[in-house]
Amino acid sequence: MAYWLLKSEPDAFSIADLERIHRSLWDGVRNYQARNFLRSMQPGDLAFFYHSSTEPPGVVGVCRVVRTGVADPTQFDPHSEYHDPAAQPEKPRWWTVEVEFVQRFGRMVSLETLRQTFTPDELWVVRRGNRLSVMPVSEEAARRILELAGEAVGSP
DNA sequence: GCCAACGTTGGC
DNA sequence: GCCAACGTTGGC
């Protein structure tokens with residue numbers, strides 16, 4: 001099982017929104033590196049939910065990948081802000097996954113805490129100038145983030 | 001609101 | 001294929 005980090009601006013879609021609706025497509029990603037990470041996800045993978053462009057930014061919970069290889073429907077929707085006129089239904093350009101809510105941390109693990117805990121090589125989200133919205137997290141880093149949150153997921 | 005970082009676009 | 005201009009992200 002792999003671990004990931006997914007960024008979202010809470011004004012657009014928050015961990016509370018996911019908790020309420022339980023499952024959601026992670027749509028609207030329009031960066032090729034992020035898309036490639038989405039395409040390499042497997043059902044059962046866990047993803048940290050990160051709130052960006054908020055004060056403070058940080059990891060606020062966990063979700064699980066439940067469906068993979070989904071052509072992002074917003075690329076075909078002329079009314080969507082994510083519409084991609086170059087995408088064809090028979091040859092989609094943007095792919096995503098469906099995630100389900102797992103848990104919301106009792107206390108967020110702030111970006112400041114992440115910077116104090118990890119080197120940029122250990123966790124991509126603390127890399128200077130990092131803008132990627134989907135990125136892998138090592139098992140070791142995932143364990144430490146869960147410790148920082150005072151939680152344990154799926155451990156016997 | 002500012003601006004560094006960096007991806008994308010398009011002229012050549 | 002280069003690279004300047006431009007747009008977006010996201011922390012601060």
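Throughout, a chain's letter reflects where its sequence line sits, starting with A, and its residues are numbered from 1. Just so it is clear, the model here is predicted, and its values are computed rather than measured.
With sequence neighbours excluded, the residues satisfying side-chain contact (heavy atoms from CB on, under 4.5 Å) with Glu19(A) are Phe101(A), Arg104(A). Under the rule for a side-chain contact (heavy atoms from CB on, under 4.5 Å), the partners of Gln33(A) that lie at least two apart in sequence or sit in another chain are Asn31(A), Phe37(A), Trp124(A), Leu132(A). Scanning for side-chain contact (heavy atoms from CB on, under 4.5 Å) contacts around Met108(A) gives Pro56(A), Val60(A), Ser110(A), with sequence neighbours left out. A search for side-chain contact (heavy atoms from CB on, under 4.5 Å) contacts involving Arg143(A) returns Glu139(A), Glu140(A), Glu147(A), not counting sequence neighbours.
Relative ring orientation between Phe49(A) and Phe13(A) is described as tilted, the plane-to-plane angle lying within the 30° to 60° band.
The nearest whole Å value for the distance from the OH atom in Tyr32(A) to the P atom in dT9(C) is 15 Å. Between the C1' atom of dT8(C) and the CD atom of Gln33(A) lies a distance of 16 Å, rounded to the nearest Å. Distance Met135(A) CE to dC6(B) P: 12 Å, rounded to the nearest Å. For the pair Arg127(A) CZ and dG7(B) P, the interatomic distance rounds to 12 Å; values are reported in whole Å. At whole-Å resolution of the value, CG in Leu6(A) and P in dT9(C) are 16 Å apart. Regarding Asn36(A), its CG atom lies at a distance of 13 Å from the P atom of dG7(B), rounded to whole Å.
Apart from Val70(A) itself, the hydrophobic cluster it occupies contains Leu25(A), where clustering links Ile, Leu, Val, Met, Phe, Trp and Tyr at side-chain heavy-atom distances under 4.5 Å.
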All N/O pairs under 3.5 Å across the protein-nucleotides 10-12 of chain C interface:
residue	atom	partner	partner atom	Å
dG10(C)	OP1	Lys7(A)	NZ	3.2
dG10(C)	OP1	Arg131(A)	O	3.0
dG11(C)	OP1	Tyr50(A)	OH	2.8
dG11(C)	OP2	Ser53(A)	N	2.8

